[in-house]
Enquirer: 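Please see the structure below; I have some questions.
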Amino acid sequence: METGNLYKVLGVLKGASQEEIRRSYRKLAREHHPDANRDDPKAEERFKEIQHAYEILSNPKKRRQYDEGPRTFFGGGNAPQGNAGGARTGDFSDPDLSDLFGGFGGLGDIFGRSARARETSSKGQSVTVSVNLSFKDALNGVTTRVNVPVEEACGDCRGTGAAPGTSPRTCPECGGRGVRSRDQGFFAFSEPCVRCGGEGTIVEKPCPTCSGSGRLRKARQVTVRIPAGAKDGMKIRVPGRGSAGKRGGATGDLFVVTRVAEHSVFKRRGDDFIVEVPVSFVEAALGAGIEVPRPGGGTVKLRLPAGTQDGKQFRVRGAGAPKARARSGERGDLIVRTRLVVPKKLKKREREILETLAEERDEDIRGELFKKVGS
Ligand SMILES: [Zn+2]
Ligand SMILES: [Zn+2]
């Protein structure tokens, strides 16, 4: 589907609040609903576009990903599905919207997407947690433990939700399909079975441990390897350590987002670090070999050429952060930025030398400036 600018589709500004997005969506959805525009063959397409835009922008995580544009995540494989607690495609989980769609006799068949019974098994939800790292740990890499709130299958009922000794039985209302069909004027549509809530099975005696849900919330400790050179905001995927799937479905994934403490001297930029070093007027004028601290300890030598200016940048190749994504031991660079320091006090001898210099050096340093002002 050609999405264009999702904000434009919903008629809101980029910085719009969730409430504004929701309001605008409700308004547009009413206006463009195919049921209300039966004479307009394009209404459905437009409505889908609005739906799609809302689905992304109403989910803070998807919205952030959309705002940031395409990006890759560490760990290879699939990017996260973004459904940790969020809505799946076409799944209107916002209860506030039920009245909107309730009035239109169900959306299912209009779009050829019937309200199916929930799949017999489904993958567990992915879980995202953040981990705080010191500058040093992020640079060198570290193995750490994180607390992960997950849903696990209840052991007492083996995830069925039925009290031990009993088992769920097929819903007599829908015969296990989870949906009921109904004709209403122009449209035939299906709706979730009320009796079984769309599950297709009913539990007569709920398991007391999980109150019939078949699932329990737990905090699980997971060991995560943070690669050397981890950046702030990096997302590390740990497959299969999220919530348990339903009815034998695969376990969801765990995503660990790094929060790296800032360093007072080294500023990160991509895989590079920037360090600002004081340089004396004499060093800058004459040129000098200086030592510069490097992240992770030690120093690097740098040759300043004569006539080095304030704010000049030098790149020391390979002295930056290890590239967390590359396993080849590649590193970023260290960018050294000079800061010219003028002595606040001079010794007698220094003063004499500089006074001599001032006399001998007949330099019109602001001439260029005044020329520009004049023209
Ligand atoms: Zn149970
Ligand atoms: Zn049923």
Side-chain angles (χ1 to χ4, degrees), residues 68 131-142 226-234 258-375:
E68 286 171 2
V131 61
N132 292 320
L133 299 170
S134 69
F135 177 83
K136 197 165 152 251
D137 282 349
L139 189 66
N140 299 330
V142 66
I226 309 290
K231 270 179 236 181
D232 184 59
M234 190 163 143
T258 55
R259 294 281 166 243
V260 180
E262 277 192 26
H263 196 278
S264 58
V265 169
F266 299 106
K267 302 289 174 223
R268 183 100 187 224
R269 195 171 69 190
D271 290 319
D272 300 337
F273 279 111
I274 300 174
V275 61
E276 197 184 71
V277 293
V279 170
S280 79
F281 155 72
V282 178
E283 287 172 327
L286 298 178
I290 62 168
E291 286 207 337
V292 177
R294 64 186 291 169
T299 59
V300 281
K301 285 196 166 67
L302 181 69
R303 180 79 218 164
L304 296 179
T308 294
Q309 301 294 305
D310 182 49
K312 171 93 182 153
Q313 293 194 156
F314 298 89
R315 188 174 280 271
V316 185
R317 302 245 171 238
K323 292 184 180 174
R325 249 176 243 103
R327 312 213 162 172
S328 56
E330 266 181 80
R331 300 179 81 99
D333 303 333
L334 179 63
I335 295 166
V336 180
R337 188 179 291 161
T338 59
R339 184 165 58 84
L340 221 54
V341 176
V342 176
K344 285 182 180 151
K345 260 184 141 171
L346 293 173
K347 288 180 196 140
K348 187 162 177 283
R349 171 82 180 125
E350 288 171 339
R351 172 171 288 280
E352 283 167 9
I353 292 168
L354 287 180
E355 277 169 355
T356 312
L357 183 66
E359 281 163 26
E360 285 179 13
R361 197 173 167 88
D362 183 18
E363 188 183 35
D364 187 9
I365 201 169
R366 281 170 292 278
E368 195 63 23
L369 174 73
F370 281 105
K371 226 194 278 171
K372 280 184 192 157
V373 171
S375 65

Enquirer: Restricting to side chain to side chain donor-acceptor pair (under 3.5 Å), what partner residues turn up for Glu355, sequence neighbours left out?
Expert: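 Side chain to side chain donor-acceptor pair (under 3.5 Å) check on Glu355 returns nothing, list empty.
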
Enquirer: If only atom types and distance count, is the side chain of Arg331 paired as donor or acceptor with the main-chain N or O of Ala319 below 3.5 Å?
Expert: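 Judged by distance alone, no pair lies under 3.5 Å.
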
Enquirer: Does any N or O in the side chain of Thr338 come within less than 3.5 Å of the main-chain N or O of Gly311, such that one atom is a donor and the other an acceptor?
Expert: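 Yes.
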
Enquirer: Please report the shortest heavy-atom distance between Ala321 and Phe273, naming the atom on each side.
Expert: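 Shortest heavy-atom separation between Ala321 and Phe273 comes out as CB-CE1, 3.4 Å.
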
Enquirer: Between CG of Leu369 and CG of Asp364, what distance do you get to the nearest 0.5 Å?
Expert: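 So the CG of Leu369 and the CG of Asp364 are separated by 10.0 Å.
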
Enquirer: Counting only heavy atoms not in Lys231, do more than 12 fall under 6.0 Å of its NZ?
Expert: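 Count over threshold, so yes.
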
Enquirer: Lys344: which residues meet the salt bridge (charged side-chain N to carboxylate O under 4.0 Å, His left out) condition with it, sequence neighbours left out?
Expert: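 None.
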
Enquirer: Please round to the nearest 0.5 Å and tell me the distance separating atom CD1 of Ile290 and atom NZ of Lys301.
Expert: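 It is 11.5 Å, given to the nearest 0.5 Å.
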
Enquirer: Can you confirm whether Lys136 is buried at NZ, in the sense that more than 12 heavy atoms of other residues, nucleotides or ligands lie under 6.0 Å from that atom?
Expert: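 No.
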
Enquirer: Phe314 and side-chain contact (heavy atoms from CB on, under 4.5 Å): which partner among Thr308, Val292, Val277?
Expert: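 Single pass found, and it is Thr308.
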
Enquirer: Quick check on Arg351: does its CZ atom have over 12 non-hydrogen neighbours (other residues, nucleotides or ligands) under 6.0 Å away?
Expert: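 Check fails, neighbour count at 12 or below.
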
Enquirer: Find the distance between CG (Asp137) and OG1 (Thr258) and round it off to the nearest 0.5 Å.
Expert: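 Reported to 0.5 Å precision, the distance equals 12.0 Å.
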
Enquirer: Under 6.0 Å from the CD atom of Gln313, do we count more than 12 heavy atoms belonging to anything else shown?
Expert: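 Yes.
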
Enquirer: For Ala261 versus Ser134, what's the shortest heavy-atom pair and its separation?
Expert: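 The answer is CB-CA, 4.3 Å.
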
Enquirer: Hey, does the side chain of Asp333 reach the backbone of Arg315 with a donor-acceptor pair shorter than 3.5 angstrom?
Expert: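 No.
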
Enquirer: Considering only heavy atoms from C-beta outward, does the side chain of Glu262 approach that of Lys267 to under 4.5 Å?
Expert: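 Touching, per the 4.5 Å side-chain cut-off.
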
Enquirer: State, with a plain yes or no, whether a side-chain heavy atom of Arg259 is found less than 4.5 Å away from one of Asp232.
Expert: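 They are in side-chain contact.
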
Enquirer: Please determine whether a side-chain nitrogen of the Lys or Arg among Glu352 and Lys348 lies less than 4.0 Å from a carboxylate oxygen of the Asp or Glu.
Expert: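 Salt bridge: yes.
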
Enquirer: Might you point out which heavy atoms bring Pro227 and Met234 nearest each other, and give the distance in Å?
Expert: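 Distance-wise, the nearest heavy atoms are CG-CE, 3.6 Å.
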
Enquirer: Heavy atoms, side chains only, cut-off 4.5 Å: are Leu139 and Pro322 in contact?
Expert: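 They are in contact (side-chain heavy atoms under 4.5 Å apart), so the answer is yes.
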
Enquirer: List in chain and number order the residues that pass ring-ring contact (aromatic ring centres under 6.0 Å, His included) with Phe266, two or more places apart in sequence or in another chain; answer none if no residue qualifies.
Expert: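 With sequence neighbours excluded, Phe266 shows a ring-ring contact (aromatic ring centres under 6.0 Å, His included) to His263, given in chain and number order.
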
Enquirer: With rounding to the nearest 0.5 angstrom, report the CD to CG distance, Glu283 to Leu340.
Expert: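 Answer rounded to 0.5 Å: 9.5 Å.
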
Enquirer: Count the heavy atoms of every other residue, nucleotide or ligand shown that sit under 6.0 Å from CG of Leu357, and state whether that count exceeds 12.
Expert: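 Atom CG in Leu357 is crowded, with more than 12 foreign heavy atoms closer than 6.0 Å.
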
Enquirer: Does CD in Gln309 sit with more than 12 non-hydrogen atoms of other residues, nucleotides or ligands closer than 6.0 Å?
Expert: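 Atom CD in Gln309 is not crowded, with 12 or fewer foreign heavy atoms closer than 6.0 Å.
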
Enquirer: How long is the span from the CZ atom in Phe281 to the CG atom in Leu286, to the nearest 0.5 Å?
Expert: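 Here the interatomic distance stands at 8.0 Å.
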
Enquirer: Using every non-hydrogen atom in the two residues, find where Val260 and Ala138 come nearest and quote the distance to one decimal.
Expert: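 Shortest heavy-atom separation between Val260 and Ala138 comes out as CG1-CB, 3.6 Å.
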
Enquirer: If you look at every heavy atom in Phe135 and Pro295, which pair is closest and at what distance?
Expert: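 Nearest heavy atoms, Phe135 then Pro295: CZ-CB, 4.2 Å.
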
Enquirer: Rounded to the nearest 0.5 Å, what separates atom CD in Glu330 from atom NZ in Lys323?
Expert: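 The distance works out to 4.5 Å.
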
